[in-house]
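Below: the structure, in structure tokens.
Chain identifiers are assigned alphabetically (A, B, ...) following the order of the sequence lines, protein sequences preceding nucleic acid strands; residue numbering begins at 1 within each chain.
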Number of protein chains: 2
Amino acid sequence: MARSDQTQMAVLGALSIRPMTGYALREEIRSTLGHFWSESFGQIYPALAELERQDLVERLGSSDSRSSSFALTPAGNARLRDLLGEPAEPSRPRNGLLLRLFFGRQIGPDACRELILEAREKAEQQLAQMDAARSGLLADTGLDRDIPYFLLTISAGEHSARATIAWADEALASLAALDEDGTVGLGTTD
Amino acid sequence: MARSDQTQMAVLGALSIRPMTGYALREEIRSTLGHFWSESFGQIYPALAELERQDLVERLGSSDSRSSSFALTPAGNARLRDLLGEPAEPSRPRNGLLLRLFFGRQIGPDACRELILEAREKAEQQLAQMDAARSGLLADTGLDRDIPYFLLTISAGEHSARATIAWADEALASLAALDEDGTVGLGTTD
DNA sequence: ATAAGCATGTAAGGAGTTACATGATTCT
DNA sequence: AGAATCATGTAACTCCTTACATGCTTAT
């Protein structure tokens with residue numbers, strides 16, 4: 001599955017929840033899908049234009065160029081299901097934190113500790129965000145049939161954040177043990 | 001921090017463990033850093049050439065074009081530490097599985113179950129890989145001072161994989177509950 | 001000898017981000 | 001009136017991947 005197809009999938013999918021403008025689409029992708037998906041600005045409008053050209057989405061309301069929402073056509077809905085059925089292309093991991101820790105000997109245990117604490121805080125924040133998202137969701141009506149699936153992704157975010165916190169605590173403890181052993185200490189990194 | 005800097009960081013970092021050829025570098029990045037970092041083929045040689053031009057790495061042994069290992073120069077080591085000290089740029093998440101599950105209503109619970117089972121299996125495999133990596137590491141001598149840091153990244157991989165497994169089991173249970181409720185059933189997704 | 005793996009690169013093209021540009025609407 | 005936000009797009013640029021191209025070395 002090509003990358004551009006994945007952008008199409010995200011746009012069609014979001015419009016399957018409810019029709020909206022390109023601007024709202026961008027906000028929705030940033031806020032609601034944000035913890036597991038991202039689309040950049042300069043992709044959404046071109047993607048919408050292409051989808052409209054293929055009659056997979058249509059403009060609702062005024063055909064003025066401004067303030068017109070987009071909605072899925074039946075063909076668009078079919079296309080979405082096709083795309084969802086294709087296997088996800090494996091993502092290329094790029095975890096800057098783990099890369100830095102892998103070479104941690106070069107910067108020493110203290111710098112590593114800081115990095116880990118920072119990651120731990122971000123994970124705590126994510127946990128809070130997931131909680132807020134879940135509350136917001138249950139207050140929203142008209143999404144009953146989608147909510148069970150939304151909850152799967154929120155749960156994934158929570159599990160991931162909790163795993164990060166547990167790992168961070170373990171990692172901090174093992175760095176502390178290193179200091180006591182003296183096997184790796186400040187100023188002895190080269 | 002620009003992306004290309006991150007490629008430099010990975011290359012310099014790998015060479016800080018031990019000098020090696022471009023080919024070995026590629027293998028090392030794929031196999032050892034693979035679970036949290038990736039560099040594509042066509043980046044490593046240009047990056048090495050650029051680093052050599054800046055006198056951050058040097059060729060060891062024969063200055064023939066073939067079979068020459070690269071090693072960090074003192075300037076290269078300093079550059080590595082600078083890079084490691086810079087904050088990691090936030091990664092843009094693109095989780096194809098969660099994107100599909102978010103729109104899971106379109107494909108129904110059975111298709112979602114399959115996706116989740118697949119992810120669960122991959123996580124089990126990762127767990128086994130992490131275990132193998134840890135064993136291989138402890139057998140390797142001459143890396144004593146690096147090993148504690150390597151172990152941090154292995155532990156992160158394990159926590160992450162275990163979190164995925166726990167989430168998958170929970171998710172499968174909640175999909176099963178959905179079926180019983182009849183709130184979302186086969187053929188009732190539109 | 002010949003196949004597998006080691007070793008080094010290049011070139012074309014696609015993907016994705018950022019900055020720029022413009023104007024309408026709504027709130028204060 | 002002015003600021004904030006809604007709304008739509010483009011263009012340049014960077015990054016990255018993939019496919020291609022070449023030749024050596026070592027084991028069978």
Side-chain angles (χ1 to χ4, degrees), chain A residues 1-11 14-15 19-31 33-34 37-53 57-70 83 88-96 99, chain B residues 1-11 14-15 19-31 33-34 37-53 57-71 88-96 99:
Chain A
M1 164 170 267
R3 303 233 154 164
S4 57
D5 287 348
Q6 304 224 112
T7 296
Q8 279 204 355
M9 181 162 60
V11 169
L15 293 179
M20 58 188 113
T21 67
Y23 188 85
L25 201 48
R26 167 162 69 111
E27 273 310 291
E28 192 75 7
I29 290 175
R30 197 188 52 74
S31 66
L33 309 187
W37 196 259
S38 69
E39 287 297 341
S40 84
F41 213 61
Q43 281 175 281
I44 290 176
Y45 284 109
L48 267 177
E50 173 64 16
L51 289 170
E52 190 181 18
R53 201 188 59 72
V57 305
E58 61 185 356
R59 285 176 197 270
L60 296 181
S62 63
S63 53
D64 300 12
S65 61
R66 61 184 172 288
S67 282
S68 57
S69 289
F70 291 88
L83 288 174
E89 63 172 22
S91 71
R92 278 164 249 303
R94 282 209 136 190
N95 185 323
L99 186 65
Chain B
M1 163 170 268
R3 304 237 156 160
S4 56
D5 288 348
Q6 303 225 111
T7 295
Q8 279 205 354
M9 182 162 61
V11 169
L15 294 179
M20 58 188 114
T21 66
Y23 188 85
L25 201 48
R26 169 162 69 111
E27 274 309 291
E28 192 75 8
I29 290 176
R30 197 187 52 73
S31 66
L33 308 187
W37 197 260
S38 68
E39 288 296 343
S40 85
F41 213 59
Q43 280 176 282
I44 290 176
Y45 285 108
L48 267 178
E50 173 63 17
L51 289 170
E52 190 180 21
R53 201 189 60 73
V57 304
E58 60 185 357
R59 286 176 195 269
L60 296 181
S62 62
S63 53
D64 299 14
S65 61
R66 61 185 172 288
S67 282
S68 58
S69 288
F70 291 88
E89 62 171 21
S91 71
R92 278 165 254 300
R94 283 209 136 191
N95 185 324
L99 186 65

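In terms of position on DNA chain C, the residue among S38(A) and P46(B) whose nearest nucleotide sits closer to the 5' end is P46(B).
Between the P atom of dT8(D) and the CD atom of E52(A) lies a distance of 11 Å, rounded to the nearest Å. If you take CD of E89(A) and P of dG14(C), they are 15 Å apart, rounded to a whole angstrom. Rounded to whole angstrom, the span from the CD atom of Q43(B) across to the P atom of dT18(D) amounts to 11 Å. The interatomic distance linking E39(A) (CD) with dG16(C) (P) rounds to 7 Å, in whole Å. The separation between Q6(B) atom CD and dT14(D) atom P is 17 Å, rounded to whole Å. In this structure, R59(B) places its CZ atom 11 Å from C1' of dA7(C), rounding to the nearest Å. For the pair D5(B) CG and dC16(D) C1', the computed distance is 15 Å after rounding to whole Å. When the P atom of dG16(C) is taken as reference, atom CZ of R94(A) falls 14 Å away, rounded to whole Å.
Between R94(A) and S38(B) the shortest heavy-atom distance is NE-O, 3.3 Å. Of all heavy-atom pairs between A10(A) and W37(A), the closest is CB-NE1, 3.6 Å. Among all heavy-atom pairs drawn from Y45(A) and Y23(A), the shortest one is OH-N, 3.4 Å. Heavy-atom minimum distance, G22(B) versus L48(B): CA-CD1, 3.7 Å.
Residue Y45(A) places its side chain closer to dA7(D) than to any other of dT10(C), dA7(D), dT17(C). Taking every side-chain heavy atom of T7(A) into account, dG16(C) is the closest of dG16(C), dT18(D), dT8(D). Relative to the side chain of R92(A), the nucleotides dT17(D), dA19(C), dC16(D) differ in distance, and dT17(D) lies closest.
Applying the salt bridge (Lys or Arg N to Asp or Glu O under 4.0 Å) criterion to E50(A), with sequence neighbours excluded, gives R53(A).
Interface residues of residues 20-29 of chain B facing DNA chain C, ordered by number: T21(B), G22(B), Y23(B), R26(B); criterion, heavy-atom separation under 4.0 Å.
Side-chain atoms of M20(A) and F70(A), non-hydrogen and from C-beta on, never get closer than 4.5 Å to each other. Residues L33(A) and E28(A) fail the side-chain proximity criterion, which asks for heavy atoms closer than 4.5 Å.
The side chain of S40(A) contributes no N or O atom lying less than 4.0 Å from OP1 or OP2 of dG16(C).
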